[in-house]
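Below is one structure, written out as structure tokens; the observations come after it.
Here the structure is a predicted model, which means the values were calculated and not measured. A, B, ... follow the sequence lines: proteins, then strands. Residue 1 opens every chain.
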Amino acid sequence: MHKHYVIAAAVVLAGGFGSLALAKETSFETVQKGKYLTQAADCVACHTVENGKPFAGGRAIETPFGTIYSANITPDRETGIGAWSDDEFYRAMHQGIGPDGTRLYPAFPYPYFTKMTREDVLAVRAYLNTIPAVNNRRPDPKLTWPLGYRALMRGWNWVFFQEGTFKQNSEKSAEWNRGAYLVEGPGHCGACHTPKNTLGGDKRSNALEGNQIQHWFAPKLDNDRQNGLGTWSVDEIAEYLKTGRNRHSGATGLMGEVVANSTSKLDDADLHAIAVYLKDVTAVTPEKAIQPEQAQMDAGKAIFADSCAACHQSDGKGVPHMFPPLAANANAQSSDPTSVMRVILEGARTVATDARPTPSSMPAYGWKLSDAEIAAVATYVRNSWGNAANAVTPAQVKSLRGALHATTQ
Amino acid sequence: MAPHNISRRNILSAGLAVGSASALAHLPSDAKTIAGEMPWAPGVANAPQSVTPGGYQFLSTNEAAFIDAAISRLIPEDELGPGAREAGVTTFIDRQLAGSFGAAETWYMQGPWGGGSKSQGYQTRLTPAQLYRAAIKAIDEHCHATFSGKSFAELQPEQQDQILTGLEKGEIKLKGAEAVTFFETFLQNTIEGFFSDPIYGGNREMVGWKLIGFPGARYDYRPYVAKHGEKLNLPPVGIKGRAEWTPRS
Amino acid sequence: MARKLPSADVVLVGFGWTGAILGQELTDAGLQVVAIERGSWRDTPTDFAVTFAQDELRYYWRRALFQQPARETLTFRNNATETALPMRRLGSFLPGTGVGGAGIHWNGMTFRFLPSDFIAKSHNTQRYGADAVPADMTIQDWGVTYDELEPYYDKFEYLCGIAGKAGNIKGKIQDGGNPFEGARSRDYPTPPMDMVYGPTLFAAAAKELGHRPFPGPSANMSRAYTNPLGVQLAPCTYCGFCEKYGCGNYSKASAQTTILPVLLRKDNFELRTESEVTKINLDSSGKRAVSVTYVDAQGQEYEQPAELIILCAYQLHNVRLMLLSGIGMPYDSASGVGVVGKNYGYQITSSVDVFFDDKFINPFIGAGSLGMVVDEFNGDNFDHTGLGFIGGGYIAGWNTNGRPIETHRTPQGTPRWGAKWKRAVAENYLKSFSISTHGAVMSHRTNALDLDPTYRDILGRPLMRMTFDFTDNEHRMSDYLTDRAAEIAKAMQPREMKVTKRTGSYSIVPYQTTHNTGGAIMGTDPKSSAINRYLQSWDVPNVFVMGSTAFPQNPGYNPTGTVGALAYWAADAIKTQYMKNPGPLVQA
């Protein structure tokens with residue numbers, strides 16, 4: 001038997017005047033479902049300024065085209081979405097179009113949210129109606145000319161945007177379909193993990209094959225055994241998303257945030273479904289790596305023994321669930337070595353979750369090792385214990401070092 | 001229970017923060033009230049400061065000459081290898097005296113002042129910088145008086161040893177400084193300079209470590225734990241590395 | 001003018017080992033806990049990372065992690081005929097500061113005291129007669145027994161993942177462990193560390209003499225470990241920069257590596273750093289603490305009210321805070337009246353060096369608690385008849401380090417500098433080893449702490465004054481131990497050996513241990529103790545005092561195991577008794 005709980009009182013307490021525009025009662029289950037989907041979509045990550053009020057927007061999203069500031073999606077009528085109708089909210093999520101016909105920039109990943117069912121989208125809306133309204137007007141975007149003209153998005157959408165709700169694949173299991181829906185829809189994994197073309201659209205034929213974003217490399221999520229998820233089992237993928245680590249790896253940097261805010265809050269069945277789907281992504285074999293130079297390998301070996309083995313062990317096997325193994329490490333063998341270099345330069349902390357609270361951290365080496373030394377040890381790691389990936393050059397390290405220093409919060 | 005001020009957990013960690021690889025970068029300014037998670041930021045390392053090589057920041061030419069000569073007697077160059085002077089210990093001492101050690105920044109330097117028993121430890125009101133300055137001056141004056149106008153650096157090795165022994169035993173009285181206090185500090189600093197990490201200016205080329213077979217700033221000896229009684233011949237490495245870290249084209 | 005803050009349930013003064021334990025236990029019970037720590041936040045990847053932790057000059061000789069005397073120190077004298085003078089530089093002991101306190105840079109030697117240690121007075125009097133405990137030897141029974149503490153020792157050992165071999169499980173003596181230890185309910189959580197060469201030679205020699213050596217119980221991990229809170233530690237890598245240094249790879253138990261990852265995630269816990277508690281404020285009756293006053297790094301004063309105040313600031317600071325705040329009657333050693341400051345204890349140590357021509361000891365492969373231990377001469381494990389002392393200590397072959405400035409052994413008669421010194425160091429560095437003795441200190445009427453009449457800290461408060469010397473009991477006991485150690489050294493068949501007994505007055509200069517104890521001791525009688533068996537102040541029942549402050553005298557083992565056990569014991573009493581019925585837990 002369904003129970004409908006009238007939550008208008010709670011909505012009023014939350015200060016959301018806009019919520020009174022709801023003509024019908026909203027069930028408790030719908031709001032809870034909306035909250036769950038909001039976590040799956042990790043809305044809070046982009047729509048909240050650091051130390052700011054949740055969902056009040058204004059966070060700077062760096063893109064190759066300039067900076068865009070996220071929208072305020074609290075129920076505030078003036079600066080948030082409190083005055084929007086449900087249809088308007090659905091149109092924004094499904095088509096990337098705002099209430100007055102304004103085109104939204106795909107930094108807001110509507111090309112993924114388009115796949116969400118209307119029912120799910122409205123559940124999200126129902127949840128967003130319950131959060132405290134915050135008056136916060138976001139700054140205007142700072143985009144390289146002429147991208148500041150939103151009308152240009154019409155053209156972009158025409159070429160790159162495929163509107164449409166997720167279609168079940170009848171040849172696959174219900175679980176696979178659920179995983180596909182989560183990954184391709186609210187999870188919007190491809191927004192980070194799919195490579196982009198020069199105009200920032202997904203290279204759809206290379207879906208989930210890895211992508212450089214904000215000076216990280218989001219790794220390949222296909223089934224390749226070398227630099228994809230090939231050596232991870234379904235359970236291990238689910239474990240990683242839930243706890244932030246498994247015996248192969250630990251989530252850090254941007255992915256650490258995703259685990260903390262989003263995937264660690266999903267239920268086990270959904271995590272399993274996501275894993276099932278990902279394990280079905282066809283492997284794209286990487287190009288054969290060029291043999292590294294002996295000089296780099298020799299220097300890298302010495303640096304590794306002196307500076308890295310204390311945690312990662314001389315055989316590269318690490319301490320499972322604590323210090324990731326580097327032997328057979330997919331991330332370390334990514335074609336693009338940005339994450340490898342970054343982690344050496346700045347250190348990294350594995351995300352802490354309730355299940356795995358230890359914030360095991362690698363210290364920063366940027367002050368200790370030169371560009372040539374970092375390039376050597378990265379090359380050594382990428383080519384030892386059975387690993388094979390292209391060498392890293394000092395110039396690549398220097399470039400990333402400069403970019404990180406220049407990045408402002 | 002009355003509610004009180006607990007800062008809200010940071011929803012978002014500093015994933016997009018600038019990575020500052022500078023040695024003395026600090027954690028976010030919120031560090032004084034900590035709640036919700038362990039503080040951390042990328043690129044932060046309370047790393048040591050290497051000395052800048054070349055010249056002296058504290059010692060005068062005469063003082064450096066004294067130290068060069070004296071440390072050559074404390075740890076001489078011989079058939080076993082370089083001594084303290086060759087290892088750059090004068091530079092080490094210079095940088096220490098120019099810094100917080102020289103200024104006695106961490107010691108309790110409030111009065112009243114007065115001597116006590118040996119058990120009560122150092123009670124000198126001179127900072128190390130002041131102590132070295134006063135003692136070296138007084139020692140050279142003593143040498144001028146005792147050895148026909150020669151300063152310590154101009155004496156024969158046996159005469160220098162005589163002076164050092166006299167200081168060590170407190171048999172030489174110095175004007176403006178306590179001989180034993182100076183000698184003990186000086187000997188300690190010399191050994192420090194000979195065996196500390198090369199980033200501090202001494203132990204050049206890790207000659208001190210090579211003399212004794214100390215492998216330096218390593219962190220993983222697990223492969224050697226079971227090698228009971230074996231001579232391991234591990235080349236030393238400093239905090240800033242060793243020659244093998246540089247790729248040889 | 002102090003800014004008054006909203007009240008908290010619990011204030012922890014200081015945030016090292018005991019602060020973390022009490023914080024975790026009391027937040028679990030639903031209390032709102034605020035911890036106030038004088039020093040700064042510290043953690044592994046930023047403050048003692050594998051990239052720079054191996055810095056002998058900075059961390060030991062320049063004392064980078066320790067309390068700075070410029071900030072706070074104490075005055076010292078051997079006896080009341082002298083004027084106490086400031087300890088201007090650290091030497092004999094190295095108190096910690098900052099989050100985690102000395103728990104960051106400890107060795108990790110984690111022992112339990114013997115059952116007889118807890119009843120040292122009645123036990124020794126019974127066995128050896130009343131004369132064995134002269135009137136001025138003011139030792140006392142603790143008021144808590146080993147058996148009562150056993151589950152809490154176990155809890156602390158499992159929190160830390162201590163590596164060891166049990167010697168007595170439920171009364172059954174186990175081969176390879178300490179046959180003298182009190183019965184434990186189960187074995188250690190992890191097996192002993194793999195031994196390096198020096199300790200194995202020591203153990204073989206000890207066995208030849210009929211002793212039963214066992215591996216030192218170690219908080220340096222012998223393997224990867226997940227503790228009952230779900231916090232993970234990694235295996236120790238024998239880096240040799242352990243004691244006096246922070247651990248760079250999560251392999252030494254500390255507040256950071258065992259508790260804080262879980263505690264800091266809780267909504268009902270808050271930590272304030274760089275904030276020094278200057279005083280505990282009492283109400284007009286003097287029987288209830290109402291708040292603490294603290295000052296932040298900018299010099300701003302705050303008043304933090306709380307229902308329950310727990311002193312976790314290390315033995316020395318706990319006693320000083322009690323004296324400055326008027327909690328308990330200060331002790332006067334002339335009359336023997338009063339309790340706060342009495343029965344200050346320490347440790348008496350000595351060593352025997354052995355030198356080989358042909359054995360590479362490789363001392364740099366080390367860890368803080370890596371070694372073999374012999375307990376035949378500790379506590380009352382041996383017959384003291386006719387020896388002229390009570391108590392004892394352990395003899396150990398530890399291999400903690402080969403850091404060259406600190407550890408460059410030279411044979412007897414070597415000059416202290418010059419070519420001969422250089423040669424002796426070069427020839428003996430890799431091929432020498434030390435045996436050490438770690439002895440008890442019995443309390444004495446005149447070994448005490450009070451406030452200095454002359455010297456002040458930077459906030460203008462009087463420094464604490466320490467009056468302490470070893471007595472005949474300690475010297476006789478230590479000489480006896482050293483002789484036994486020399487016998488083992490001889491059985492190692494070195495080329496030569498160097499025996500260094502502890503002679504003369506106690507000096508504040510050479511490092512001995514950071515095992516300061518007593519000053520606000522526990523007991524059964526408020527006339528002779530400052531806190532009851534639950535570490536609760538007799539005078540101010542909403543103040544509890546953690547740490548080795550509680551020890552009525554100091555047995556022959558490192559204190560941290562017992563400090564941890566007592567913290568859990570007190571936390572349990574607070575949770576199960578005090579919270580239900582705040583007030584004195586023991587009727588005087």
Side-chain angles (χ1 to χ4, degrees), chain B residues 1-6 27 31-40 44-48 73-76 78 80 101 105-108 110 112 116-123 187 191-192 195-197 200 211-215 217-222 224-226 228-232 239, chain C residues 6-9 32 41 43 46-47 49-50 52 54-58 61-63 68-70 73 76 78 85-89 91 194 196-197 237-239 248 260-261 264-265 270-274 359-360 362 364-365 402 404-405 417 419 422-423 425-426 429-430 454 505-509:
Chain B
M1 292 166 209
H4 64 355
N5 241 352
I6 296 185
L27 286 171
K32 306 234 175 80
T33 298
I34 297 165
E37 57 170 1
M38 314 261 282
W40 179 81
V44 170
N46 193 4
R73 301 312 304 154
L74 295 178
I75 310 180
D78 58 14
L80 294 174
F101 168 76
E105 273 175 23
T106 63
W107 298 342
Y108 184 84
Q110 286 184 52
S117 70
K118 274 184 79 178
S119 299
Q120 292 177 299
Y122 293 96
Q123 297 295 327
L187 177 60
I191 296 175
E192 287 172 355
F195 284 137
S196 55
D197 193 285
Y200 293 109
L211 172 75
I212 61 178
F214 174 60
R218 286 167 183 268
Y219 221 82
D220 185 9
Y221 288 112
R222 267 171 307 183
Y224 308 102
V225 168
H228 289 188
E230 283 182 41
K231 187 169 204 281
L232 297 178
I239 286 171
Chain C
S7 181
D9 292 333
Q32 300 271 32
W41 172 260
D43 199 11
T46 46
D47 296 281
V50 296
F52 56 84
Q54 323 87 316
D55 188 339
E56 195 188 350
L57 182 77
R58 181 181 185 193
W61 299 102
R62 300 295 175 258
R63 320 295 201 201
Q68 295 187 356
T73 185
F76 169 75
N78 283 127
L85 295 178
M87 182 178 73
R88 296 185 178 279
R89 313 175 196 183
D194 293 331
V196 288
Y197 193 34
T237 51
Y238 298 71
C239 70
L260 299 192
L264 259 54
R265 285 170 74 79
E270 178 181 307
L271 167 61
R272 293 178 206 151
T273 59
E274 296 173 42
K359 293 183 162 64
F360 284 93
N362 298 325
F364 47 83
I365 306 173
I405 305 171
W417 50 274
K422 183 182 175 190
R423 176 166 290 280
V425 168
Y429 170 79
L430 290 176
T454 310
S505 290
Y506 165 69
S507 165
I508 207 124
V509 177

Exam field: side chain [X] to backbone [Y], donor-acceptor pair closer than 3.5 Å:
X: C/Thr46; Y: B/Val44; result: no
X: C/Lys422; Y: B/Pro76; result: yes
X: B/Tyr224; Y: C/Asn362; result: no
X: B/Gln120; Y: C/Asn78; result: no

Measuring from atom [atom1] of [X] to atom [atom2] of [Y], what distance do you get when rounded to the nearest 0.5 angstrom?
X: C/Arg58; Y: B/Asn46; atom1: CZ; atom2: CG; answer: 4.5 Å
X: C/Ile405; Y: B/Phe195; atom1: CD1; atom2: CZ; answer: 8.5 Å
X: B/Asp197; Y: C/Phe52; atom1: CG; atom2: CZ; answer: 13.0 Å

Any idea which of [options] has the most non-hydrogen atom pairs under 4.5 angstrom with chain B?
options: C/Asp55, C/Thr454, C/Val509; value: C/Asp55
options: C/Leu430, C/Asp43, C/Thr73, C/Ile365; value: C/Ile365
options: C/Leu260, C/Leu85, C/Asp194; value: C/Leu85

What are the two closest non-hydrogen atoms of [X] and [Y], and how far apart are they?
X: B/Lys118; Y: C/Ser507; value: O-OG, 4.1 Å
X: C/Ile508; Y: B/Gly121; value: CG2-N, 4.1 Å
X: C/Arg88; Y: B/Tyr108; value: NH1-O, 2.8 Å
X: C/Phe360; Y: B/Glu230; value: CB-O, 3.6 Å
X: C/Glu274; Y: B/Lys32; value: OE1-CE, 2.8 Å
X: B/Leu80; Y: C/Ala426; value: CD1-CB, 4.3 Å

Structural part of C/Tyr506 lying under 4.5 Å from a heavy atom of chain B: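 Answer is backbone: N, CA, C or O of C/Tyr506 sit under 4.5 Å from chain B.
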Validation row: C/Leu57, B/Phe101 side chains within 4.5 angstrom (heavy atoms):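 No. Closest side-chain heavy atoms not under 4.5 Å.
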Min side-chain heavy-atom separation B/Thr33-C/Arg272 under 4.5 Å: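 B/Thr33 reaches C/Arg272 side chain to side chain.
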Criterion side chain to side chain contact (heavy atoms under 4.5 Å, CB included) against B/Trp107, the qualifying member of C/Gln68, C/Arg63, C/Arg89: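 Single pass found, and it is C/Arg89.
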Top contributor to chain C contacts, counting heavy-atom pairs under 4.5 Å, from B/Glu105, B/Arg73, B/Gln110: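 Ranked by heavy-atom pairs under 4.5 Å with chain C, first place is B/Gln110.
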Residue among B/Ile191, B/Ile75, B/Val225, B/Asp220 with most heavy-atom pairs under 4.5 Å to chain C: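 Top option by heavy-atom pairs under 4.5 Å: B/Val225.
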B/His228 and C/Tyr197 aromatic ring geometry - parallel, tilted or perpendicular at 30°/60° bounds: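 Ring orientation of C/Tyr197 relative to B/His228: tilted.
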Whether B/Phe214 and C/Tyr429 hold their rings parallel, tilted or perpendicular, with breakpoints at 30° and 60°: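 It falls in the perpendicular class, over 60°.
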